[in-house]
Number of protein chains: 2
Amino acid sequence: MSSRFDELSAFVEVARRHSFVGAARQLDKHVSAVSRAVATLEARLGVRLLQRTTRSVALTEAGRDYFQRGEALLAEFDGAEAAVRDLGASLRGTLRVSAASGSGVIQIAGLVPEFLAAHPHLQLDLQLGNRYVDLIEEGYDLAIRVGALADSRLIARKLAPNRRVLVASPAWLERHGRPRTPAALQRHACLVLDIGTHPQRWQLVRRGAEEHVDARGPLRSNNVLALLAACRGDAGIALLPEFAVAADLRAGRLRRVLAGWATPEHGVYAVYPSARFVPAKVRAFIDFIAQRLRAPTVDA
Amino acid sequence: MSSRFDELSAFVEVARRHSFVGAARQLDKHVSAVSRAVATLEARLGVRLLQRTTRSVALTEAGRDYFQRGEALLAEFDGAEAAVRDLGASLRGTLRVSAASGSGVIQIAGLVPEFLAAHPHLQLDLQLGNRYVDLIEEGYDLAIRVGALADSRLIARKLAPNRRVLVASPAWLERHGRPRTPAALQRHACLVLDIGTHPQRWQLVRRGAEEHVDARGPLRSNNVLALLAACRGDAGIALLPEFAVAADLRAGRLRRVLAGWATPEHGVYAVYPSARFVPAKVRAFIDFIAQRLRAPTVDA
DNA sequence: CATATTGTTGCGCTATTCGCAAAGATCATT
DNA sequence: AATGATCTTTGCGAATAGCGCAACAATATG
């Protein structure tokens with residue numbers, strides 16, 4: 001017992017029941033503890049709160065005042081704790097997500113409506129940007145990132161495999177022909193995704209074999225959608241995330257080039273701080289995205 | 001540390017300063033204690049409140065929520081304690097006083113206005129009555145009583161000496177003559193104060209000598225003022241509290257009879273519960289009354 | 001790259017608190 | 001009137017919990 005809080009709850013319980021033994025039973029403490037707690041409280045306040053006899057417990061004027069306030073205070077306290085507990089355990093509040101814009105991860109945005117529909121009390125704050133964000137410092141719940149992660153304070157969970165593949169439009173291939181080797185790419189119009197270090201240095205692998213290509217071409221952009229649009233418009237060969245082009249491949253709007261080759265697998269990761277207490281909303285979002293990315297991509 | 005309250009204050013302080021060491025300094029605790037307190041709190045809530053690095057401390061969403069509520073809660077808590085402390089230490093609130101009506105103690109009522117004027121924030125609830133009141137049970141702050149006290153749970157402080165003296169009006173004495181001995185009273189008209197046991201059995205003492213008189217007469221009342229008025233109106237000899245007749249004696253409206261004789265000293269007492277924490281208002285009232293009763297009685 | 005600061009954690013020690021029991025007090029019942 | 005039952009307080013020994021120290025891991029600064 002003791003400590004301002006226990007003192008207060010002891011006093012309130014005694015005042016409520018006009019009995020020390022009753023209060024002790026309720027609080028699952030020994031009578032002596034309750035008695036001491038109230039005595040300590042009175043000593044600290046320098047005021048007598050309860051006028052007690054072996055046969056009766058009555059409130060003094062100060063006691064009545066403190067009882068009223070204290071009872072409300074305890075309720076608020078419990079309320080605050082319950083609310084926070086709730087916030088962590090239930091699917092409420094705001095989910096702040098950071099994702100690199102233009103990296104293709106924004107495809108995930110297409111999954112968002114379904115997620116939100118399933119959790120009506122949840123608000124999503126989806127921040128897209130290429131700027132490096134410090135999740136902890138800026139109060140993000142999680143980030144969707146591609147490839148290796150730098151921050152060791154963070155937990156990463158792989159959502160889906162991910163590699164980039166080469167694509168071009170049927171019309172473009174018709175006109176310029178299909179390159180047969182990675183090296184041949186040098187002579188074609190490459191559409192370069194300007195993300196990370198050495199964006200124009202395409203690393204391609206095929207069953208252990210590895211080649212590096214210096215990609216040059218008419219368009220360079222930090223936005224996957226921009227490249228995708230250009231590619232559909234017969235502008236050249238692009239190296240784009242597999243899931244970003246899946247729909248176009250199935251629809252026949254794009255064809256794979258050098259089908260055996262692709263970039264090394266990097267993976268799409270959900271990154272979040274502190275594995276200790278992961279809020280339910282974060283876990284739910286990650287689970288949802290992971291499940292959807294495992295399932296065949298839905299056409300847009 | 002520990003206990004919900006300390007946990008909360010530790011967390012709030014850390015959240016406020018974004019620093020554990022700063023909070024520890026402020027709270028005059030060791031950093032380890034603060035760290036543990038927050039960790040315990042998080043464990044109990046099952047929610048992470050602070051996202052911490054060795055270099056930065058940031059609030060999670062749950063943390064922000066709890067911080068807001070918690071900060072307000074602490075303020076309210078301090079407020080409640082301060083208010084109650086104040087109520088005990090300052091002269092505010094209501095002072096409930098019980099006094100036996102008719103016993104002459106109501107003379108004290110004449111002192112009340114001055115007392116109240118000196119303490120404008122104080123309200124007085126002066127309950128007069130002959131019914132026995134349980135101070136504790138009925139929430140009185142103090143009672144003014146004459147003579148021995150029965151309740152051992154109460155503290156008694158003597159306010160003034162008190163004995164009853166015999167008085168009569170000059171006109172009455174002129175007409176009936178002065179009795180020379182107590183026994184002579186039997187032949188005179190006695191005005192009997194009907195309080196306590198054996199009211200008509202007047203016990204008189206004088207330097208060790210003691211006599212008992214069976215008082216009989218035309219008037220018997222449980223009210224001092226009634227007897228006083230009758231006495232002034234030449235109705236007979238009354239045995240009344242000294243302080244109740246002091247003004248009349250000085251003004252010459254009444255004269256003492258058998259001046260050497262008086263009842264044994266009983267005293268006027270202030271009676272109140274619990275010597276442990278006496279509210280300032282109670283102490284102030286008692287001090288005031290005691291001082292005024294020591295000083296020569298003011299004319300009405 | 002070295003240094004200083006910050007948050008966490010393990011460990012031993014002290015202090016506090018708890019639980020029991022006895023005492024003191026009061027009401028009900030015989 | 002006396003006995004018994006119930007209730008609050010308090011003294012005391014035992015046990016738990018909290019504290020402070022120190023080492024550690026991580027990180028920013030010069």
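Bear in mind that the values here come from a model prediction, so they are computed numbers and not experimental data. Below, all heavy atoms of this structure are taken into account, side chains as well, without hydrogens, waters or symmetry copies. Below, read A as the first sequence line, B as the second, and so on, with proteins coming before strands; counting in each chain starts at 1.
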Rounded interatomic separation in angstrom, taking [atom1] from [X] and [atom2] from [N]:
X       : N      : atom1 : atom2 : answer
A:Asp6  : C:dT16 : CG    : P     : 16 Å
A:Lys29 : D:dT8  : NZ    : P     : 18 Å
B:Glu42 : C:dT9  : CD    : C1'   : 15 Å
B:Arg25 : C:dT6  : CZ    : P     : 7 Å
A:Gln51 : C:dT26 : CD    : C1'   : 16 Å
B:Glu7  : D:dA17 : CD    : P     : 14 Å
B:Phe11 : C:dG7  : CZ    : P     : 15 Å
B:Phe20 : C:dT6  : CZ    : P     : 13 Å

Would you check if B:Tyr269 and B:Arg157 make a side-chain contact, meaning some heavy-atom pair closer than 4.5 Å?
no

State which of [options] makes the closest approach to the side chain of [X].
X       : options                : answer
B:Val21 : C:dT6, C:dT26, C:dC20  : C:dT6
A:Ser32 : D:dC7, C:dG19, C:dT26  : C:dG19
A:His30 : D:dT27, D:dT10, C:dC20 : C:dC20

Inspect the contact between [Y] and [X] and indicate whether a charged nitrogen and a carboxylate oxygen are less than 4.0 angstrom apart.
X       : Y        : value
A:Arg69 : B:Glu76  : no
A:Arg96 : A:Asp125 : yes
A:Asp78 : B:Arg4   : yes

Just checking B:Phe5 against B:Phe77, ring centres under 6.0 Å apart?
yes

Does a distance-only test, which skips hydrogens and angles, find a donor-acceptor pair under 3.5 Å between the side chain of B:Arg36 and the base of C:dG7?
no

Mind checking if B:Ser56 touches a base, just sugar-phosphate, or nothing, with heavy atoms under 4.0 Å?
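Since no nucleic acid heavy atom lies under 4.0 Å of B:Ser56, the category is nothing.
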
For B:Val57, report the nucleic acid contact type (base, sugar-phosphate, nothing); a contact means any heavy atom under 4.0 Å.
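It contacts sugar-phosphate atoms only.
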
